[in-house]
Amino acid sequence: MDKRKISIFFGTETGNAQELAEKSAEILNSKNHETRVSNLEDTSPSDLGDTEFALFFVSTWGEGDPPLDAEDFFESLKNHDSNLNNLRYGIMGLGDSSYAIFNGFARDLDNELGKLGAIRLVDRVEADLDFENDFVEFIEKMTDVFKND
């Protein structure tokens, strides 16, 4: 298995997405991959230009909005004019199905990345409040992809 350099990004309001990002890094590091975990607050869309593999763990806030720490990144991404066809990614969204717009930010982020030419490696996961099983399935799929890619 080749060692992959995987960037793991999170946008969170309550800390759950950060926790999952850090847990995924531990799992991928144990599989001999090299990971870097970053808050979207500290990330620019231009940072993705040199990224080959990425995971995004993002929550949705309010009525389909990005969490506060991801707002600037997302606004910049919507105005980004370089293609990202080098980027292969997976997204896990955290939401609350009692809201009208469930996992809206994960969907919007996925759509914007696709418009810029990035390639989704596995289906987007849209988790509800009880997200642990969804996380296990998602990280297992991503681990398989990175092993076989």
Side-chain angles (χ1 to χ4, degrees), residues 1-61 64 66-67 69-74 76-78 80-97 101-149:
M1 174 172 71
D2 293 336
K3 179 178 186 172
R4 306 278 184 216
K5 289 184 179 181
I6 305 163
S7 296
I8 303 170
F9 301 100
F10 66 89
T12 190
E13 200 72 37
T14 62
N16 289 333
Q18 179 177 0
E19 180 183 320
L20 294 182
E22 291 169 351
K23 190 184 286 189
S24 71
E26 291 174 17
I27 292 166
L28 291 167
N29 289 341
S30 75
K31 305 285 186 190
N32 297 317
H33 297 298
E34 181 182 326
T35 62
R36 183 186 74 219
V37 178
S38 302
N39 189 326
L40 287 173
E41 183 173 53
D42 303 319
T43 306
S44 164
S46 60
D47 297 335
L48 301 177
D50 295 327
T51 303
E52 187 176 1
F53 296 105
L55 297 181
F56 294 88
F57 293 91
V58 297
S59 61
T60 294
W61 188 248
D69 63 354
E71 284 180 345
D72 290 343
F73 170 83
F74 190 60
S76 296
L77 185 68
K78 290 191 292 188
H80 193 66
D81 57 3
S82 298
N83 78 46
L84 296 175
N85 56 6
N86 61 296
L87 179 66
R88 296 182 191 101
Y89 70 94
I91 293 180
M92 181 171 179
L94 303 177
D96 181 340
S97 60
I101 302 175
F102 177 62
N103 265 294
F105 178 52
R107 293 175 187 180
D108 292 344
L109 177 60
D110 195 9
N111 288 335
E112 289 301 320
L113 291 170
K115 286 179 189 176
L116 294 169
I119 300 165
R120 186 177 352 104
L121 293 168
V122 299
D123 289 341
R124 180 184 61 247
V125 172
E126 296 183 2
D128 207 339
L129 296 174
D130 183 16
F131 52 79
E132 190 59 40
N133 288 339
D134 289 322
F135 171 74
V136 169
E137 289 178 26
F138 176 71
I139 202 64
E140 285 176 356
K141 286 179 185 176
M142 294 309 307
T143 301
D144 286 344
V145 166
F146 293 139
K147 179 173 52 181
N148 297 318
D149 189 67

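The backbone N or O of L129 lies less than 3.5 Å from no partner atom in the side chain of D96, so there is not a single donor-acceptor pair. Between the side chain of S76 and the backbone N or O of S44, no donor-acceptor pair lies under 3.5 Å.
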Apply side-chain contact (heavy atoms from CB on, under 4.5 Å) to residues F146 and H33 and explain how you reach the verdict. CA-CA 9 Å; F146 293 139; H33 297 298; 3.7 Å; yes
Is there a side-chain contact (heavy atoms from CB on, under 4.5 Å) between F73 and D47? Walk through the geometry before answering. CA-CA 11 Å; F73 170 83; D47 297 335; over 6 Å; no
Would L77 and L113 count as a side-chain contact (heavy atoms from CB on, under 4.5 Å) if you check the C-alpha gap in whole Å, the side-chain angles of each, and the deciding distance to 0.1 Å? CA-CA 8 Å; L77 185 68; L113 291 170; 4.2 Å; yes
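D128 places a side-chain heavy atom less than 4.5 Å from the side chain of F102. Between L20 and M92, some side-chain heavy-atom pair lies under the 4.5 Å cut-off. The shortest distance between side-chain heavy atoms of Q18 and N39 does not fall below 4.5 Å.
Annotation for D72: atom CG does not count as buried by contact number, only 12 or fewer foreign heavy atoms lying within 6.0 Å. Atom CG of D123 has 12 or fewer heavy atoms from other residues, nucleotides or ligands within 6.0 Å. The number of heavy atoms from other shown groups lying within 6.0 Å of CG (D130) does not exceed 12.
Considering L121, D110, T51, I119 as possible partners of Y89, the one that fulfils the side-chain contact (heavy atoms from CB on, under 4.5 Å) test is D110.
Between L87 and A54, the closest heavy-atom pair is CD1-CB, 3.7 Å. Taking each heavy atom of S24 and L55 in turn, the nearest pair found is OG-CD1, 4.3 Å. Residue R120 comes nearest to R124 through the heavy atom pair CD-N, 3.7 Å, listed as atom of the first residue, atom of the second, then distance. Of all heavy-atom pairs spanning S82 and L116, the tightest one is O-CD2, 3.6 Å. Across every non-hydrogen atom of T12 and S59, the tightest pair is CA-OG, 3.5 Å. The shortest heavy-atom contact between A106 and G93 is CB-CA, 3.7 Å.
Legend: residues meeting side chain to side chain donor-acceptor pair (under 3.5 Å) with R107, ordered by chain and number and at least two apart, are E126. With sequence neighbours excluded, the residues satisfying ring-ring contact (aromatic ring centres under 6.0 Å, His included) with F56 are F9. The side chain to side chain donor-acceptor pair (under 3.5 Å) test applied to D108 returns no partner, not counting sequence neighbours. Here E112 pairs with K115 under the side chain to side chain donor-acceptor pair (under 3.5 Å) rule; sequence neighbours left out.
Note that CZ of F10 and CG of D69 are 6.5 Å apart. Values are rounded to the nearest 0.5 Å. For the atom pair CD1 of I8 and NZ of K23, the computed distance is 13.0 Å after rounding to the nearest 0.5 Å. Atom CD1 of I6 and atom OG1 of T35 lie 7.0 Å apart (nearest 0.5 Å). Taking CE of M142 as the start and CD1 of I27 as the end, the distance is 12.5 Å to the nearest 0.5 Å.
Counting only residues at least two apart or on different chains, the ring-ring contact (aromatic ring centres under 6.0 Å, His included) pairs with a member in residues 103-134 are F74-F105. For residues 32-45, there are no salt bridge (Lys or Arg N to Asp or Glu O under 4.0 Å) pairs, not counting sequence neighbours.
Ion pairing between K147 and D144 holds under the 4.0 Å rule for side-chain N and carboxylate O.
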